[in-house]
Amino acid sequence: MGKYPDDVSMVKAAIAGDQNAFEKIVGKYRTMVAKVIVGMLGNRADADDVGQETFLRFYRSMHQYKGDAALGTYLTRIAINLSLNELKRRGSHRWLSLEEKHDSYHADDRSYHDNDNTELVEKALAHLDTKYRSVVVMRIMQGFSTKETAELLNLPLGTVLSRLARAQEKLKPILQKLEE
Amino acid sequence: MESGRQLLLRSYDMPLNEKEKRHLQDELTKSDVLKEEKEKLDKMRTKIIAFEADFSTGFTEKLMQRIAGESGFAFLTVFRTVALSGVAAIILVLLTVYFVDGSLNLDSLLGLNGYTPDLGLLSIF
């Protein structure tokens with residue numbers, strides 16, 4: 001068994017001042033948090049800023065984490081709330097400019113853009129309103145159950161289901177057209 | 001009963017009861033259009049699940065530097081509070097000595113005001 005057998009012990013160690021433990025938490029959940037934020041905001045510099053803020057918020061509040069929710073879910077809740085705040089701050093419900101995703105900020109991060117599927121999904125999600133995109137990211141992309149998605153987004157279950165249905169109806173022709 | 005298409009969509013995100021499952025299966029068997037719809041939905045959802053993302057290079061290092069800065073800042077804040085409290089206590093003592101003895105000479109600070117060498121010798125006996 002490693003130094004930190006589970007997430008709760010890692011968090012306890014981090015609270016006690018073990019920065020190595022906190023770094024392990026970041027390492028373990030970094031891509032999961034990135035998927036949520038990039039899925040919501042697109043591949044922009046903002047995604048990194050929101051990602052930093054997500055882990056910083058967790059760092060400042062981790063003494064409140066008791067292990068009642070999975071750590072991934074806890075971090076996702078912070079990430080989705082900050083992403084929604086960022087979208088409100090931008091004043092847009094859709095991403096602003098798809099051309100911006102190829103700006104020089106990410107010129108050296110080719111491994112991400114080399115994934116054609118990722119780029120395709122990103123382009124398709126850009127066409128969705130925030131309310132549809134959020135349920136797609138939580139339920140389909142991240143694999144949370146419909147009930148967990150409803151709790152994370154603070155929505156009734158019925159609303160999540162109807163938005164999922166509507167989002168898929170919108171996405172299908174978009175994805176087909178992008179693949180042509 | 002919902003249409004085959006509505007049941008199909010719901011089946012991905014909520015469990016169907018036995019009756020609904022049978023109805024959906026019947027509809028899928030009868031309808032090539034619905035079968036094609038299912039294939040498209042399966043393909044689409046697979047693509048979304050396969051979405052990959054990560055933050056830029058140096059993300060973790062930058063984050064840990066910010067956290068180290070916050071930890072250091074927290075330490076300095078506590079240290080400053082303790083240091084200021086200590087300084088305040090010393091000022092209070094000096095003020096008390098001054099108001100009681102009327103001066104801040106060494107004898108006053110050591111509490112030796114009013115002592116004469118004779119009294120000091122007598123105290124030995």
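What you are looking at is a predicted structure, and each value in this text was computed from that prediction instead of being measured. Proteins get letters first, then strands, A, B, ... in listed order; numbering begins at 1 in each.
Taking CD of Q168(A) as the reference point, atom CG of D13(B) lies at 6.0 Å (rounded to 0.5 Å). Here the CD atom belonging to E53(A) is positioned 6.5 Å from the CZ atom belonging to R66(B), to the nearest 0.5 angstrom. Between the CZ atom of R30(A) and the OG1 atom of T60(B) there is a distance of 4.0 Å, given to the nearest 0.5 Å. The distance from the CE atom of M14(B) to the OG1 atom of T146(A) is 6.5 Å, given to the nearest 0.5 Å.
Using a 4.5 Å cut-off between heavy atoms, R139(A) touches chain B through its side chain atoms alone. Contacts of L56(A) with chain B are made by both backbone and side-chain atoms, with heavy-atom separations under 4.5 Å. Residue V36(A) does not touch chain B at all, counting heavy-atom pairs closer than 4.5 Å. Only the side chain of Q176(A) comes within contact range of chain B, judged by heavy atoms closer than 4.5 Å. I140(A) touches chain B through backbone and side chain together, each having a heavy atom under 4.5 Å away.
Looking at V38(A) and F51(B), their side chains come closer than 4.5 Å, going by heavy atoms from C-beta outward. Between L9(B) and E169(A), the closest side-chain pair of non-hydrogen atoms falls below 4.5 Å. Residues Q19(A) and M64(B) form a side-chain contact, since some pair of their non-hydrogen atoms from C-beta on lies under 4.5 Å apart. Using a 4.5 Å heavy-atom cutoff, the side chains of M44(B) and L171(A) are in contact. Side-chain contact check for V33(A) versus F55(B): some heavy-atom pair is nearer than 4.5 Å.
Between chain B and the residues A124(A), A34(A), A165(A), G27(A), the most heavy-atom pairs under 4.5 angstrom are made by A34(A).
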Decide yes or no on side chain to side chain donor-acceptor pair (under 3.5 Å) for T31(A) and D54(B), but give the supporting numbers first. CA-CA 5 Å; T31(A) 45; D54(B) 198 1; 6.0 Å; no
Pair M141(A), I49(B) - check side chain to side chain contact (heavy atoms under 4.5 Å, CB included), show working. CA-CA 5 Å; M141(A) 194 183 284; I49(B) 289 165; over 6 Å; no
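When every heavy atom of D48(A) is checked against every heavy atom of F59(B), the shortest pair comes out as O-CE1, 3.5 Å.
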